[in-house]
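Order of the sequence lines fixes the chain letters, A, B, ..., with proteins taken first and strands second; residue numbering starts at 1 for each chain. Values below: every heavy atom of this structure, side chains too, minus hydrogens, waters and symmetry copies.
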Amino acid sequence: MQTEPLTKSEIAKRIASDIPSGSYVNLGIGLPTLVSNFIEPDSDIILHTENGMLGMGPEAIGNDIDLELINAGKIPVTELPGASYFHHADSFAMIRGGHIDICVLGAFQVSFAGDLANWHAGDPNDIPSVGGAMDLASGATETFVMMTLFDKSGKSKLVKECTAPLTAVNCVNRIYSDMAIIDISAGKIEVREVFGISEGELLDRIGMN
Amino acid sequence: MSASFISATEAISHVTDGSTVALSGFGLAGQPLHLIDALCDSGASSLTIIANNAGNGETGLARLLGNKQVAKILCSFPRQQDSQIFDELYRSGKIELELVPQGTLAERIRAQGAGIGAFYTPTGVGTQLAIGKEVRAINGVDQVLEFATQIDVALVHGHIADQQGNVIYRKTARNFGPIMASAARYSVVEVSRVVPIGELDPESIVTPSIFVNAIVDCEVKYAN
């Protein structure tokens, strides 16, 4: 057993190494963008950004910054050889039509059945903003979640039932977290690996035992 | 008929009080700032705006909102670091928000341009954004009924137009431009350059002139 939980970079590295060569991948805004730092240039993994581009390269710096070349988080990025641009209806046809192999999203909560809550923390004073999260979660062939397994107060984000507003039902295939990698399939969870915690303690803390 | 080549002020005269106006752009990329400035100056009010975001900083859509010309906005992602003008209007109940998932927003716009009244999509099933909407299982997958938009005027930021009114875009500034141009009853595209017919490769045209009513040549403004 690994004695320490994974750092955010270590989680990102694990996700990158598990993405098959040749995949079309969308990385959600926030934490999942870290994954792009660990994708090998020769891996033939093609990044999709839902504002209208395939073949997205690393973040642009210095003279490469072009305010008309941005990612879904509105950060200036670069274009790799073989890149293409398209309008929003085509971009979301790629997502809904099952052409995006994997999306990696952040989460407030994931339920044991694979329901995802990641667009609204549930505070009625928040201004609701959904973006492409619902399209990605329900449309991508596989949805990976990248998150810390417990919130700041120690409460599990993997829950029997989400209390925050849902993004999509039964859509999460795998959770990559600091404490564990967990598969969800047919409404069942299966712990694949644990980091800095025993499987028994983990199941206790998420309320599975 | 080829597109007409007119000023921003002339183009904006097609917007009246209560019009539904679509604005291209994802954040500031592809936002038609010159046309929005003309819309601000026109004083048209009680507008319904369709756009992905709800304004950035104090220019463009944010300025239009700050002018209190907008009654309602349909968008997918209003809250941003620099959306303070919208945030205040929303919190004080001075603007109506219809929140739409980004892909559903795009497809509702595409549907209008393609003459499709409504469609079923799996996006949003089982969420707050499907409440009150018809859900039907199609091929075993639950899907939500979503209706085409009703855009009167589209204001779009393009890159280059030819004198026929064919348009090409630049990088991710393309975003909503092509679908809004095809959807609206009257479509205006601002461009940074107009070239003679024949200079744009017909194979590379993104928005054919049939979808464009007016081109506003902003070359002088961009140069400054």
Side-chain angles (χ1 to χ4, degrees), chain A residues 29 49-54 56 66-79 83-98 113 115-120 122 125-139 162 164-171, chain B residues 24 26-30 52-54 56 75-83 86-87 90-91 97 99-111 113-114 121-130 141-143 157 159 169-182 206-207:
Chain A
I29 61 180
T49 182
E50 63 266 29
N51 52 315
M53 180 188 195
L54 279 169
M56 179 176 69
D66 177 341
L67 297 179
E68 293 193 326
L69 175 44
I70 59 174
N71 66 14
K74 306 191 176 76
I75 310 282
V77 291
T78 50
E79 133 194 326
S84 56
Y85 297 105
F86 33 83
H87 61 63
H88 254 70
D90 279 350
S91 186
F92 283 85
M94 293 174 194
I95 295 168
R96 255 188 262 100
D115 297 348
L116 172 67
N118 82 343
W119 68 283
H120 194 310
N125 293 319
D126 282 351
I127 292 173
S129 286
V130 67
M134 289 186 179
D135 307 277
L136 281 163
S138 68
C162 296
L166 291 184
T167 306
V169 294
N170 188 19
C171 63
Chain B
S24 66
F26 185 86
L28 284 170
N52 189 61
N53 305 106
N56 306 82
C75 70
S76 84
F77 209 81
R79 184 198 66 231
Q80 302 157 95
Q81 270 178 350
D82 55 356
S83 61
F86 170 81
D87 297 358
Y90 179 77
R91 292 209 160 100
L97 168 67
L99 191 71
V100 185
Q102 201 170 333
T104 299
L105 182 65
E107 193 62 15
R108 286 177 62 185
I109 296 165
R110 196 199 72 81
T121 172
T123 302
V125 168
T127 75
Q128 284 182 0
L129 300 190
V141 179
D142 280 351
Q143 312 210 21
H157 177 86
H159 181 40
Y169 300 82
R170 192 169 171 278
K171 302 186 186 281
T172 57
R174 181 182 306 192
N175 55 66
F176 283 88
I179 52 174
M180 287 177 171
S182 63
V206 177
T207 293

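Top candidate by heavy-atom pairs under 4.5 Å with chain A, chosen from B:Asn53, B:Val206, B:Asp142, is B:Asn53. Top candidate by heavy-atom pairs under 4.5 Å with chain B, chosen from A:Ser84, A:Ala89, A:Ala83, is A:Ala89. The candidate from A:Ala117, A:Ser138, A:Ala133 with the greatest count of non-hydrogen atom pairs under 4.5 Å with chain B is A:Ser138. When each of B:Cys75, B:Ala173, B:Pro78 is scored by its heavy-atom pairs under 4.5 Å with chain A, the top score falls to B:Pro78. Of the listed residues A:Ala93, A:Gly52, A:Gly131, A:Ala168, the one with more heavy-atom pairs under 4.5 angstrom with chain B than any other is A:Gly131. Listed options B:Pro101, B:Ala54, B:Gly30 were ranked by heavy-atom pairs under 4.5 angstrom with chain A; first place goes to B:Pro101.
Looking at A:Asp90, neither its backbone nor its side chain comes within 4.5 Å of chain B, counting heavy atoms on both sides. Heavy-atom distances place both the backbone and the side chain of A:Ile127 under 4.5 Å from chain B. Contact of B:Leu97 with chain A is made through the side chain alone, with heavy-atom distances under 4.5 Å. Contacts of B:Arg79 with chain A are made by both backbone and side-chain atoms, with heavy-atom separations under 4.5 Å. Heavy atoms of B:Phe176 lying under 4.5 Å from chain A belong to its backbone as well as its side chain. Within the 4.5 angstrom heavy-atom criterion, atoms from both the backbone and the side chain of A:Tyr85 approach chain B. With a 4.5 Å cut-off on non-hydrogen atoms, B:Ser83 does not touch chain A at all.
Under 3.5 Å, the side chains of A:Thr49 and A:Asn71 contain no donor-acceptor pair of N or O atoms. In this model, no donor atom of one side chain and acceptor atom of the other lie less than 3.5 Å apart for B:Asn175 and A:Asn51. Residues B:Tyr169 and A:Glu68 have side chains that never bring a donor and an acceptor to within less than 3.5 angstrom of each other. In this structure, a donor-acceptor pair under 3.5 Å is present between the side chains of B:Asn56 and B:Gln80.
Looking at heavy atoms from C-beta onward, A:Glu50 lies in side-chain contact with A:Phe92 at the 4.5 angstrom threshold. Proximity of B:Glu107 to B:Ile179: side-chain heavy atoms (C-beta onward) are nowhere separated by under 4.5 Å.
A donor-acceptor pair under 3.5 Å links the side-chain atoms of A:Arg96 to the main chain of B:Gly103, judged by distance alone. Checked by atom type and distance alone, the side chain of A:Thr167 pairs as donor or acceptor with a backbone atom of A:Asn118 at under 3.5 Å.
The aromatic rings of B:Phe26 and A:His88 are tilted relative to each other, their planes meeting at an angle between 30° and 60°.
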